[in-house]
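In what follows, a structure is listed as C-alpha cells, so that the remarks can point back to it.
In listed order, ligands and their atoms are each counted from 1. Numbering starts at 1 and runs along the sequence shown.
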Amino acid sequence: MKSEARVVVIGGGVVGASVLYHLTKAGWKDVLLIERGELTCGSTWHAAGGMHTLNGDPNVARLQQYTINLYKELEEISGQSCGLHMPGGIMLAGTRERFDWLKMAKARGRYLGMQLELISADEAARVFPIIDKRHFVGALLDPIEGHVDPYGVTHAYAKAAQIGGAQVVRHTRVTDLKARGDGSWDVITEAGNVHAEHVVNAGGLWAREVGRMVGLELPILAMQHQYLITEDLPALKGQKELLTCIDFEGEIYTRQERGGVLLGTYERAGVPWSPLQTPWDFTQSLLPEDLDRIAPSLEVGFQHFPALGEVGIRKVVNGPFTFAPDGNPLVGPVRGLRNFWVACGVMAGFSQGGGVGLALSQWMVEGDPGADVWAMDVARYGDWATLAYTNAKVRENYSRRFRIRFPNEELAAARPLRTTPVYERLQAEHAVFGDYCGLEHPLWFAASAAQATEDITFHRSNAHPQVAAECQAVREAAGLLEISNYGKFEVTGPGTEEWLSYVMANRVPRVGRIALTPMLNERGKLIGDFTLCRLSAQRVFLICTYAAEEYYRRWFERHAPPPGVTVRPCAMEYVGLSVAGPRSRALLQGLVREDLSGAAFPFLSFRPLDVGMIPALVGRISFTGDLGYEIWVTTEYQRALYDLLVGAGAEQGLKLFGGRALNTMRIEKSFGTWAREYRPIYGPYEAGLGRFVDLKKGEFIGRAAALEERDSGGALRLVTFTVDASDADASGDEPIWHDGKVVGWVTSGAYGHSVRQSLALGYVPAALTNETSGFEIEIIGERRKALRQPVALFDPDGTRMRA
Ligand SMILES: Cc1cc2nc3c(=O)[nH]c(=O)nc-3n(C[C@H](O)[C@H](O)[C@H](O)COP(=O)(O)OP(=O)(O)OC[C@H]3O[C@@H](n4cnc5c(N)ncnc54)[C@H](O)[C@@H]3O)c2cc1C
C-alpha cells in the first residue's frame, strides 16, 4: 500500500467504489480505497439490487436518474457486467388516496422528463399478471426501473476507477484517523499509515465508527431488513421478465429472481441492528431470519399475489443497512473538520450511489457539488440529532417507507424533544405543533383541546377555517406568533462590516437598521437569505433559516472572518415572539418608553428596547408583509414577554397565529423562503432578489456571476400565480404547464385567506415572464387554470409594512 495519497476513501461498498470512480473521472488520479474485507462485504453484497427514480425530493430524483443511466457506461469502461435488468416497474395503489399520491408522483415526474403512466387495476393485472386485481384501484408504470447485481456494480466502479488511476487495497482496516495541522490526515491502518490530503468516510455499516475516530457522532442507524426468494413460479416460465413492483398497502416490493420472485418488506415492527456499536467482525455476514416479524406483510402479500402462496420459499435473507433520520443520504464536507468528507447513510445504494459519488467528487474537486444536494447534505443535521433521536426517527422512517406522507402531515417520533419556554402556554391555547429540527413550534390554533389534531389530507384540512381566522386577525387587528425557530448568529469585532460585506450580497446596514440579503456561492447561486440587524459598528445580529445553521456555519468556516471577528451561532439563546397587524404598533407602544411612530421607528429599524421590564432586541419587520415587530429575548424572559403581550393585546384584538397562517400571508406577499424558493439552483435575479444585491459595494462572493445574471436576466423567473382550485391547494413540486407543455414547477402554495384565492409560487422560463394566461398547475392529477400575477396579491406597494 502506498504511504501518500491525495484522497483515501474508507470503505469498498457500492458507495465508496462510486466515490472512487467519480474522483478519477473528475481528474483526481492519486486516490486510494481501503477496504477491511472484500469489496461489498458490508451491506452491499446481500442487497436486492432494485433501483428506481422516484424520490420525495426532485433533486435527489435527478441524482437517481443519473445513477441508473450510468450503468451502461460503467460496463463499457470496466468490462464488468452490472447484471443490469430493466423490465420497468409498477407501483400498485390499493386505495383512492394512494392513487391520488401516484397522480402527484406522476405530475412531479413530468418536469424530470420521466415517462410515467397511470393505469387501471385491469390494465395492471394485464401487465403484471401475478396480482389479484380486486385489491387495487390503479397503478403507475415507470419504464426506467429494474435491478442490478450488487457485486457486479461495485466491482465495475472499482475496476473503472483503477483504469482511471485509482488503487484499491483490501483486507486492511482503518483503525484511526489523526488530523495534521495543515488539514491533511494520517490514516492509520492495520498495514501501516497513509498520509492523505482528504479522507472520505464511506464506511456504510461502520460509518458511525469511522466518524467516532474523528469525534463525530453521525446520525445513522442500521435496520434489519428481510427479503425472501420463492421457488420457481410455473406462470413465469417462458414469459418476459416481470416488472419490478411496489405494493404500498402490503409494504412490499418484488422483482423476478430467476424463475421465482424476490419479495422484501418494510414492516411496521422494524428492528434496529447494533444500535450502539457495529461489530468489526461482521464481515459478509447475515442475521438469523425472522419470518414472524414480517408475517403481517406476508399475509397481505399472499392475498395480493396469490401465485406466491402456491410455491415454497427457497431462501430468506436478513441483513442490516443504514439510514439517516429522514432516509436520505448524508453527503458532503463536515463542519469543523478540514478535508473530511462523508458519503454514508445511503439506504438505496443502487439508485443513489452514482449520484452520491458524482456530487461528492465535484464538491471535492470543484468546491461545489454541482447540483442542489440540500436534501442529502450532512449539514442538515445538528447536535440535536443524537443517537437516541436517530434511533426513534429511523425506526419511524423505516416503518413508513411505503406509507403516504401527506403535505400537511407531522410525524410523531422523538417528540416533543425541544421546547421553548412558552410551549405549555401555547399548548393551553390548543396549539397544533410542528417539528422543526426537533423543536416544537405552533402551526395553528384549534378551537378546543379536543379539536387540536389535524386531519392529514391532500385537500384542505380542518385547520383551514382556523387559519383563516388567524390571518384575518393579523390583517385586521393584531396577531402574535412564536418565532424562536429562526436561525441566529451574532457577528462581532473590528472588521465585522468588511467580512459580512464580502460573504453577503447586499450592503451591511447602518447602525439601528435592518437589511435583507441573499448569500451567494461562487457560481452566483443562492445559498441563503439573511436578515442583517446592525446593533453597533462592531455587532451585527443575523437572522436566517434554522435548518440551515450547520450549512451556514460550514460556509462561514470556509470563508473564515479575519482574526478579531467572531461569528457565533446563537439560535436557541434568543427566542422570539412577533406581533403583526395594523394594531401591533399600538399594542407595543403601550409597553415601551421609546416612540414607535413611523417617523421615529420606521420600517427596517432594529434596536435594543425594554418591553415592560424585559430587555429585548426589537426589529420593525414581519414576514407577514404587514406592519409588525420581531422581538428577541434571551430564553428566561420569553414567558414574561408572552404574558405581557397577550395581556396588553386583549384590547387590540390580538390573536395567536401559527406557521400555517404565516406561510399563506408570505405567499400573498410573494415572499420566498429558504429551501423552497431559494436554493442553490437559482440565482438572485431569477428569484426576484436582485434588489438585494449591491453590485456597487465592491467585491463579494458570487459578484461576477451575479453581474452576469443581471445582464443576461437568468434562465428562470420566480412568479406568483392565482390558481383555479377550490378543494386542494398546491403545496410544492407540482408541474406548471403553459400551452399544453410542462414549463416549470411550483415551489410553495397555499390558500390566501386575505385575498380569497388559491396561490402558488414557482419557477418558469424567463421567456414566459410576461405571459399571464395559458398557465395551468397540476394539483392531484388535475390541471387547474392558473393566472400569473405581475405583482404580489396583497398590498403590492408595501404600504402596510411601511406604515
Ligand atoms: C436485505 C437488503 C436488501 C437491500 N436491497 C436494496 C435494493 O434493492 N436496492 C438498493 O438500492 N439498496 C438495497 N439495500 C441497501 C444497500 O445494500 C445499501 O444502500 C448499500 O449497500 C450501501 O452501501 P455502502 O457502500 O454505503 O455500505 P457498505 O456496503 O456497508 O460498505 C461499507 C464498506 O466499508 C468498509 N469499511 C467500514 N469501515 C472500514 C474501516 N474502518 N476500514 C476499512 N474498511 C471499512 C466495510 O467493510 C464495507 O465494505 C439493501 C440492503 C439490505 C440489507
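Using a 30° and 60° split on the angle between ring planes, F248 and W101 fall in the perpendicular class, above 60°. Between H198 and W341, the ring-plane angle classifies as tilted under the 30° and 60° cut-offs. Using bins of under 30°, 30° to 60° and over 60° for the plane-to-plane angle, the ring pair H22/Y157 lands in the tilted bin. Using a 30° and 60° split on the angle between ring planes, Y551 and W374 fall in the perpendicular class, above 60°.
Ligand 1 lies under 4.0 Å from heavy atoms of I10, G11, G12, G13, V14, V15, I34, E35, R36, C41, G42, S43, T44, H46, A47, A48, G49, G50, T172, R173, V174, A202, G203, G204, L205, W206, V210, H225, Y227, W280, G319, P320, F321, V346, M347, A348, G349, F350, S351.
For R173 and W280, the positive end sits near the middle of the six-membered ring, less than 6.0 Å away and at most 45° from its axis.
Salt-bridge annotation for R403 and E251: present, with a side-chain N of the basic residue lying under 4.0 Å from a carboxylate O of the acidic one.
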